[in-house]
Participant: 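Attaching a single structure in C-alpha cells format; questions to follow.
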Amino acid sequence: MGPLRSATAQSGISFEELRRQQLQKLRAGLTDVLATNAFWRARLHDVQGWDDFERLPLTTKSELLQDQVSRAPFGSNLTYPIERYVRLHQTSGSSGDQPLRWLDTAESWEWWVRIWADHVYRAAGVTAADRIFFAFSFGPFIGFWSAFGGAHRLGALCISGGAMTSEQRVRNMLDVGASVLLSTPTYALRLAGVADEIGLNLSAAGIRTTIHAGEPGASIPATRDAIESAYSAASFDHTGMTELGPTGHSCSARDGVHLIESEFIFEVASDGELIATNLGRWGMPLIRYRTGDRVVVSREPCSCGSPFLKLVGGIRGRVDDMFTVRGVNLYPSQVEDIVRRHPAVADFVIERRRERQMDEVTVLIETSLDGFATDRLEADLRQALGVRLECRVVPVGTLPHSELKARRIVRVDG
Ligand SMILES: [Zn+2]
C-alpha cells in the first residue's frame, strides 16, 4: 500500500513532519496496548518504523464482531481494566450485522470531542456564539453524543432534538433561533418537507450552517444544493465511524472531505478501500482497520489551507453497496446525484432483484406530486450513468424513514 505521498502540503506541517508525528503517537500508544490488550497482543508486533507498521495485518469488522461473540459482552480489545471506561456505545446494526459495542475511557472521549471542536466545527465556521440543534434521537449510537459533546466543548449552545416528531423539531429550531443544524442529509430534506407542509419557512429561519453525517449526501452536489436552498445555509459533510472515531470533514473548497491525519493514519488499498488507524483511543484502539468505504484520495494543495489528505468527492460508497447493471458498476451516491436534481422527489430507494441470473434494478420514488412522470428522471439517469434504470412511483410513506443512515439499497429475492 505504501504512504499516501505526493506534493508537500501547501501550508502548516510538511508531509515528512506529519509522518514523524504519526509514528511517534503510534509507538507511544502501542506501549500499553502490547502490554495488556489481549486482542492486539495476539496480532501485533512492536513497531519501530513504517516498514514494521506496513507488515501488520489488516483488521475487519467481522473479526471484531466475532471477538465480541466469543468474549461477550465487550470482547478482548481492552487495554485497561473495565473500571477505567466511562462510556459504552454501539453501532446502529443498519447493515444487518449485530451491533458492535465500543467502550471509551475519559481520555478517549476527550479525544473525540476535541476533534469535533477543533476540526469538524472549526472547518464549518461554527463558534461559541452558535446555537446548535441536534435532530437526533440520542439513542446508543455514538455520533449523536460525540457531536453534542464537541459542541459543548466549543462553548456553543447545545440543543437536543431527541424524542420529538419532525414537526416539533422544525418548530423548536425556529422558536429557539437555531443557527446550526446537525442531521443526516436525508433527514434535513425531510424536515424541510415537513416545514413546507405546515407553512413554515426554514430558509428565513436564521440557520446558516448545516453539518451532515451518516450518508455521503453533503458531498453529493445535487443533495447539497437541495439542502442549501431549503435552509439558505452552507452545508458540510462529516465522516466518522463508531469503532474508529471522527475521521474527516468537508471544507470551503467544497470538493471533498479532508481526513484528519493528525489523529489517524490513513491508507488506501489497491481496490480503493480506506484503511484507518486511530491515534488517540488507546483504551479500545483500531489498527489498520478496513473501513468498507471506497475512496479516491488526493494530496494536492487545498484552497482552504488544510495540509491533510482529501477524499475527492467524499466517500464514493460502501464497498458492499456497489451494484452492477448490464456490466456497469454503480454506487447509490451516483443515482442520488441525479435523483436529487428532481425537487418533486421526496425520497428514493434502489431495489435490486435477481432475475434470470441478471441483476435487475428499479429506483422506487416517493413524491407528493400528483401525476409525476418518471420519463425525465429515467432519461437523466440513462444519460449520466450510461445504463437504463427503471423508475417507479410508490405512495408517500412506503419507504423506510430513518434519522440514522438511510438504506439506499433493498434486495428482493425472487
Ligand atoms: Zn480544504
Side-chain angles (χ1 to χ4, degrees), residues 3-19 21-22 112-127 130 132 143 146-147 150-151 154 156 180-182 185 188 208-225 227-228 231 233-241 244-268 272 274-280 291 293-317 333 337:
L4 297 168
R5 171 195 294 275
S6 72
T8 300
Q10 173 195 33
S11 67
I13 190 170
S14 71
F15 177 74
E16 287 68 26
E17 176 60 14
L18 184 64
R19 294 274 284 174
Q21 289 182 11
Q22 285 175 330
W112 266 95
V113 299
R114 177 174 57 76
I115 297 173
W116 264 98
D118 291 356
H119 294 274
V120 184
Y121 286 127
R122 179 179 287 178
V126 178
T127 71
D130 277 303
I132 311 181
S146 59
L154 193 66
V180 178
L181 166 68
L182 264 83
R208 58 179 184 81
T209 304
T210 66
I211 300 177
H212 305 287
E215 306 156 18
S219 284
I220 298 172
T223 304
R224 187 179 61 212
D225 288 350
I227 299 170
E228 292 190 332
Y231 290 83
S235 299
F236 293 85
D237 193 8
H238 162 61
T239 59
M241 294 177 92
L244 266 179
T247 52
H249 56 79
S250 60
C251 69
S252 54
R254 304 172 72 75
D255 59 356
V257 165
H258 286 293
L259 293 174
I260 305 167
E261 292 181 284
S262 52
E263 310 293 343
F264 296 86
I265 296 166
F266 294 101
E267 307 164 84
V268 178
L274 183 68
I275 313 290
T277 298
N278 51 22
L279 298 173
T291 62
D293 289 329
R294 190 89 63 165
V295 300
V296 174
V297 296
S298 162
R299 201 180 282 283
E300 289 302 307
C302 183
S303 59
C304 80
S306 168
F308 297 151
L309 198 62
K310 187 187 280 177
L311 301 182
V312 181
I315 291 171
R316 297 296 170 98
S333 58
D337 195 23

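For this chain, numbers begin at 1 and follow the sequence in order. Both counts, for ligands and for their atoms, begin at 1 and track the order of listing. Because only heavy atoms are used, hydrogens play no part in the values below, and waters and symmetry mates are left out as well, while side chains stay in.
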Participant: Between H212 (side chain) and H238 (backbone), is there a donor-acceptor pair under 3.5 Å?
Facilitator: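 The answer is no, because no donor-acceptor pair under 3.5 Å joins these two groups.
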Participant: Can a salt bridge be assigned to the pair K310 and D255 using a cut-off of 4.0 Å between side-chain N and carboxylate O?
Facilitator: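 A salt bridge links K310 with D255.
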Participant: With T239 as reference, evaluate L274, T247, L244 under the side-chain contact (heavy atoms from CB on, under 4.5 Å) test and give the passing residue.
Facilitator: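 Looking at L274, T247, L244, the match for T239 under the side-chain contact (heavy atoms from CB on, under 4.5 Å) is T247.
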Participant: Donor-acceptor check, side chain of Q21 to backbone of S262, threshold 3.5 angstrom: yes or no?
Facilitator: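 Not a single qualifying donor-acceptor pair exists.
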Participant: Counting C-beta onward and ignoring hydrogens, is there a side-chain heavy-atom pair between P246 and S146 closer than 4.5 Å?
Facilitator: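 Result no, sub-4.5 Å side-chain heavy-atom pair not found.
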Participant: Suppose we screen for ring-ring contact (aromatic ring centres under 6.0 Å, His included). Which residues come up paired with F264, at least two apart in sequence or across chains?
Facilitator: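 F264: ring-ring contact (aromatic ring centres under 6.0 Å, His included) contacts with W111, F266.
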Participant: Tally every protein N/O/S atom whose distance to the Zn ion (ligand 1) is less than 2.8 Å; waters are neither shown nor counted.
Facilitator: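 With waters ignored, the protein N/O/S count below 2.8 Å is 4.
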